[in-house]
Amino acid sequence: MDSDVKSPERENSLNYWDKTWDGSQRDLSRNNIKTDDWLVDFNQIISSCDTPILDLGCGSGNDTLYLIQKGKRVISCDQSANAIENIRKNFPEIYDAKCFDMLDGLPFEDNSFQVVIADLCLHYFREKDLFALLDEIRRILTDKGYLIFRVNSINDKYHGAGEGAEIEHHLYETKDKRFKRFFDEADIQYFFKDFDIKYLNEETTGRYEREKILYRCLAKKK
Ligand SMILES: C[S@@+](CC[C@H](N)C(=O)[O-])C[C@H]1O[C@@H](n2cnc3c(N)ncnc32)[C@H](O)[C@@H]1O
């Protein structure tokens with residue numbers, strides 16, 4: 001994976017998310033963290049998981065909170081030190097919280113997790129980086145482990161779909177020079193071909209002020 005020289009996009013992404021999670025734009029205290037119901041359909045998989053669950057790109061911890069409320073051991077991860085500081089402050093019961101850039105690889109042993117959650121954090125990368133990251137996720141998943149994720153849909157018109165220069169097919173440069181990828185179903189089949197896709201649905205989430213269209217997916221390690 002790219003590791004030595006950080007690209008401007010990586011720096012810009014880190015700065016953007018560190019600012020998002022520094023508490024100046026919204027109240028990030030625990031009472032203000034909201035869960036949503038996107039994981040409910042996968043409750044059986046979640047409840048029968050007896051390894052810790054990895055929450056990749058955890059941000060403010062919406063999914064971390066959901067999993068903690070289900071009594072699970074959660075390892076929350078993000079590139080933003082502010083995000084991880086908030087997680088530790090808001091969720092003293094967290095099993096672990098780690099700050100790292102996923103593009104440098106995932107700092108976990110092979111076959112460590114039965115379930116990895118990646119909510120709206122896999123759509124920022126060039127094709128080669130996303131493939132490398134998905135290989136890493138497969139490496140740390142146990143045999144037949146699950147990756148449960150959501151990514152931007154190409155129809156997500158209120159959140160930048162199709163805006164800015166197209167760097168690669170369906171990967172756009174934002175005004176602040178970060179990358180944002182928008183998927184159609186063929187993209188999902190292409191990128192996740194080394195997983196068995198058990199569930200895939202394009203849907204709208206009410207989590208944001210404006211409607212957000214995304215894909216929700218359950219993928220099993222082959
Ligand atoms: C849209 S937020 C999603 C937060 C959370 N999963 C949720 O759905 O509420 C995307 C998160 O992914 C993180 N992220 C983006 N690129 C990353 C990378 N290369 N390594 C680690 N985290 C990254 C960001 O810092 C940010 O917190």
Side-chain angles (χ1 to χ4, degrees), residues 1-3 6-23 25-26 28 30 32-39 42 53-68 74-88 90-91 94 97-108 115-137 140 147-153 156 158-161 171 174 176-183 203-210 212-217:
M1 287 198 163
D2 294 343
S3 52
K6 288 232 192 259
S7 66
E9 298 79 27
R10 282 177 69 170
E11 297 282 358
N12 295 341
S13 168
L14 179 57
N15 292 339
Y16 174 87
W17 288 109
D18 240 354
K19 179 100 188 89
T20 302
W21 305 131
D22 72 0
Q25 297 171 28
R26 71 193 86 163
L28 291 168
R30 180 168 178 148
N32 241 30
I33 309 297
K34 303 273 179 280
T35 58
D36 70 42
D37 62 1
W38 78 282
L39 289 170
F42 312 122
I53 295 181
L54 196 58
D55 183 7
L56 282 178
C58 61
S60 59
N62 308 64
D63 301 315
T64 293
L65 176 58
Y66 181 90
L67 296 166
I68 283 177
V74 185
I75 303 182
S76 303
C77 311
D78 206 282
Q79 64 178 339
S80 158
N82 288 334
I84 295 306
E85 195 182 312
N86 295 333
I87 293 281
R88 289 195 178 284
N90 283 334
F91 308 111
I94 196 82
K98 285 182 184 281
C99 185
F100 59 86
D101 187 325
M102 293 188 278
L103 294 181
D104 293 328
L106 302 178
F108 302 102
V115 177
V116 171
I117 307 278
D119 192 10
L120 301 173
C121 66
L122 296 178
H123 47 218
Y124 299 112
F125 310 122
R126 286 185 185 276
E127 174 172 336
K128 71 173 174 41
D129 290 333
L130 180 51
F131 272 124
L133 174 54
L134 292 175
D135 280 348
E136 274 292 275
I137 292 176
I140 63 168
L147 168 63
I148 307 176
F149 69 93
R150 297 195 296 186
V151 287
N152 297 325
S153 160
D156 191 18
Y158 296 125
H159 296 267
L171 180 74
T174 63
D176 50 1
K177 308 238 173 280
R178 296 176 296 122
F179 290 154
K180 223 169 163 182
R181 181 178 290 283
F182 296 85
F183 291 75
E203 59 199 29
T204 301
T205 171
R207 187 193 269 182
Y208 300 94
E209 254 172 55
R210 303 197 78 181
K212 177 168 182 64
I213 303 178
L214 45 72
Y215 280 96
R216 178 164 62 114
C217 187

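In listed order, ligands and their atoms are each counted from 1.
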Counting heavy atoms not belonging to Glu209, are there more than 12 under 6.0 Å from its CD?
no
Run through Leu67, Asn86, Ile68 and flag the one making a side chain to side chain contact (heavy atoms under 4.5 Å, CB included) with Phe91.
Ile68
Could you check ligand 1 for N or O atoms lying under 3.5 Å from protein N or O atoms and list the pairs with distances?
from     : atom 1 : to     : atom 2 : distance (Å)
ligand 1 : 6 (N)  : Gly57  : O      : 2.7
ligand 1 : 6 (N)  : Asp119 : O      : 2.8
ligand 1 : 8 (O)  : Asp119 : O      : 3.3
ligand 1 : 8 (O)  : Asp119 : OD2    : 3.1
ligand 1 : 8 (O)  : Arg207 : NH1    : 2.7
ligand 1 : 9 (O)  : Asn62  : OD1    : 3.0
ligand 1 : 9 (O)  : Arg207 : NH1    : 2.8
ligand 1 : 16 (N) : Gln79  : NE2    : 3.4
ligand 1 : 19 (N) : Asp101 : OD1    : 2.9
ligand 1 : 20 (N) : Met102 : N      : 2.9
ligand 1 : 22 (N) : Gln79  : N      : 3.2
ligand 1 : 25 (O) : Asp78  : OD1    : 2.6
ligand 1 : 25 (O) : Gln79  : NE2    : 3.2
ligand 1 : 27 (O) : Trp21  : NE1    : 2.9
ligand 1 : 27 (O) : Asp78  : OD1    : 3.3
ligand 1 : 27 (O) : Asp78  : OD2    : 2.6

Is the side chain of Asn82 donor-acceptor paired with the backbone N or O of Thr20 at a distance under 3.5 Å, no angle test?
no
What I want to find out is whether Asp104 reaches Lys6 closely enough, with some N-O distance under 4.0 Å, to be called a salt bridge.
yes
Sequence neighbours left out, what passes salt bridge (Lys or Arg N to Asp or Glu O under 4.0 Å) with Arg150? Give chain and number order.
Asp36, Asp119
If only atom types and distance count, is the side chain of Arg216 paired as donor or acceptor with the main-chain N or O of Trp38 below 3.5 Å?
yes
